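This report concerns only the one structure given below.
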Protein chains: 2
Amino acid sequence: MEFKEAKNKFVQTWGALGSQWGINKTMAQIHALLMVSNEAVSMEDIMAELQISRGNASMNLRALMDWGIVYKEYKAGERREFFTAEKDLDELAVKISRERSKREIKPALKILKEVSTIEAKDSAEEKHFVDQTSKLYDFVLKADNMLDKMTEFNENWLGRLVLKIMK
Amino acid sequence: MEFKEAKNKFVQTWGALGSQWGINKTMAQIHALLMVSNEAVSMEDIMAELQISRGNASMNLRALMDWGIVYKEYKAGERREFFTAEKDLDELAVKISRERSKREIKPALKILKEVSTIEAKDSAEEKHFVDQTSKLYDFVLKADNMLDKMTEFNENWLGRLVLKIMK
DNA sequence: TTAAACTTTCAAAAATAAATGAAAGTTTAT
DNA sequence: ATAAACTTTCATTTATTTTTGAAAGTTTAA
């Protein structure tokens, strides 16, 4: 397999994986492209490589920057903007997990708390509901906190964790 | 908030969360419904509660059973089939992570391996590509193995892990 | 074996999400 | 202040995913 083919395969795969995890395909593809580029890439080049429109490129770059995993870069004497991706994988994982926690887990926890604290009447049905949603609340809260703690390690947290868990 | 309202809110929230994580809304809603039901539910009842068609119910129940998180149940003297969800959250998390690993992570790893082992010529660009995709391969492999180990604990693995990591 | 009671399948329709592209908005050099 | 070079926005179009529902399939009881 030659370089160009490999690069394309990687970008496509990363895009597909993104969709499966609720991240839009183009956003994941742009990220993939930047991750494996050794230098900052202009919007023009991104558009050309991925065959996407200007608007699409712009919107997804904005989204990636909101997630904190892609940065704008300015080159001396160049009017146009260039983009780079966070390339440190530990840092990337930390940022993604922080954002997803903030955007999705935290709001879900809020709802879980609400519904698990209703006044359960005497019916078995209602008791089971309160019991199950309470357990779910605890579980999700614990998992969310753990993710936080895990990634808080900083500097090769995944490697360290593996050691800690194995031992 | 009264029971019916809370139940509906929970089902809707779980459905929305599902979509955000690449699981279709109805599938997540059916799962939510079964999770908080204290007894097995018939397809008719699922259709009525979620206002969905027979085909939709049938397909998503099949998918949930394929994931191993919903079971068919037969009641004596009843022709129809009833469904229940895995209610143990540790077990649920284990099954979901196993399936996603098998369906998504493992195939992605295969591609990562392929593209990271191309013959890198002398250009900085190609070297960076091989370097970055190799790192990604290692990272994903390590994370995948860790998930496996984590959930292998069995019996309240999350609680135990929290202890282990905190200490 | 038949028919009633139920489930599954899948082509078509509907709903949802993503992409386009032209117009509006910015920035910078002169 | 102007215009060239570039980016963003958003109404519309396109693509993708999900849902429907009717027909085909299956199981069970008599």
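Just so you know, these numbers come straight off a predicted model, no measurement behind them. Every chain is numbered from 1 and lettered A, B, ... according to where its sequence line falls, protein lines coming before strand lines.
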Check: Hey, which of these two, A/Lys25 or A/Phe82, hits DNA chain D nearer its 5' end, going by closest nucleotide?
Finding: A/Phe82
Next item on the list: Report yes if a side-chain nitrogen or oxygen of B/Asn56 is closer than 4.0 Å to either non-bridging phosphate oxygen (OP1 or OP2) of D/dG21; otherwise report no.
Entry: no
Margin query: Of the options C/dA18, D/dT19, D/dT8, whose atoms approach the side-chain atoms of A/Met43 most closely?
Written below: D/dT8
Margin query: Distance check needed: C/dA17 P versus A/Met59 CE, whole Å only.
Written below: 14 Å
Check: Whole-Å distance between C/dC10 P and B/Arg62 CZ?
Finding: 13 Å
Next item on the list: Can you run down the salt bridge (charged side-chain N to carboxylate O under 4.0 Å, His left out) pairs that involve residues 26-44 of chain A, sequence neighbours left out, and say none if there aren't any?
Entry: A/Glu44-A/Arg54
Notebook entry, point to check: Checking all strands, does B/Arg54 fall into the base, sugar-phosphate, or nothing category for heavy-atom contacts under 4.0 angstrom?
Noted result: base
Note to self: Whether A/Arg80 contacts D/dA5 is assessed here as follows: a side-chain N or O lying under 4.0 Å from the phosphate OP1 or OP2. Is that the case?
What the structure shows: no
Check: Can you name the residues that form a side-chain contact (heavy atoms from CB on, under 4.5 Å) with B/Asp148, not counting sequence neighbours?
Finding: B/Glu152
Item checked: Between D/dT19 (C1') and B/Met27 (CE): distance, integer Å -> 16 Å
Note to self: Without decimals, in angstroms, what is the distance between A/Leu61 CG and D/dT9 P?
What the structure shows: 12 Å
Margin query: Please determine whether a side-chain nitrogen or oxygen atom of B/Asn24 lies at a distance below 4.0 Å from atom OP1 or OP2 of D/dT19.
Written below: yes
Checklist line | Atom CD of B/Glu78: over 12 foreign heavy atoms under 6.0 Å | finding: yes
Check: For the side chain of A/Lys72, counting heavy atoms from C-beta on, which of C/dG21, D/dT19, D/dT8 is nearest?
Finding: D/dT8
Checklist line | Side chain of A/Glu81 - closest among C/dA18, D/dG21, D/dT7 | finding: D/dT7
Next item on the list: Measure from the ring center of B/Phe83 to the ring center of B/Tyr71 and say whether it is less than 6.0 Å.
Entry: no
Check: CE of A/Met47 versus C1' of D/dC6: gap in Å, rounded?
Finding: 11 Å
Check: Atom CD of A/Gln51 to atom P of C/dT20: distance rounded to whole Å?
Finding: 10 Å
Item checked: Cation-pi geometry met for B/Arg100 and B/Trp21 (6.0 Å, 45°) -> no
Next item on the list: Take the protein atom OH of B/Tyr74 and the nucleotide atom C1' of D/dA29, then report the distance between them rounded to whole Å.
Entry: 17 Å
Next item on the list: Check every strand shown and say whether A/Thr26 touches a base, only sugar-phosphate, or nothing at a heavy-atom separation below 4.0 Å.
Entry: sugar-phosphate
Next item on the list: Return the value, rounded to whole Å, for the distance between atom CD of B/Gln20 and atom P of C/dA17.
Entry: 10 Å
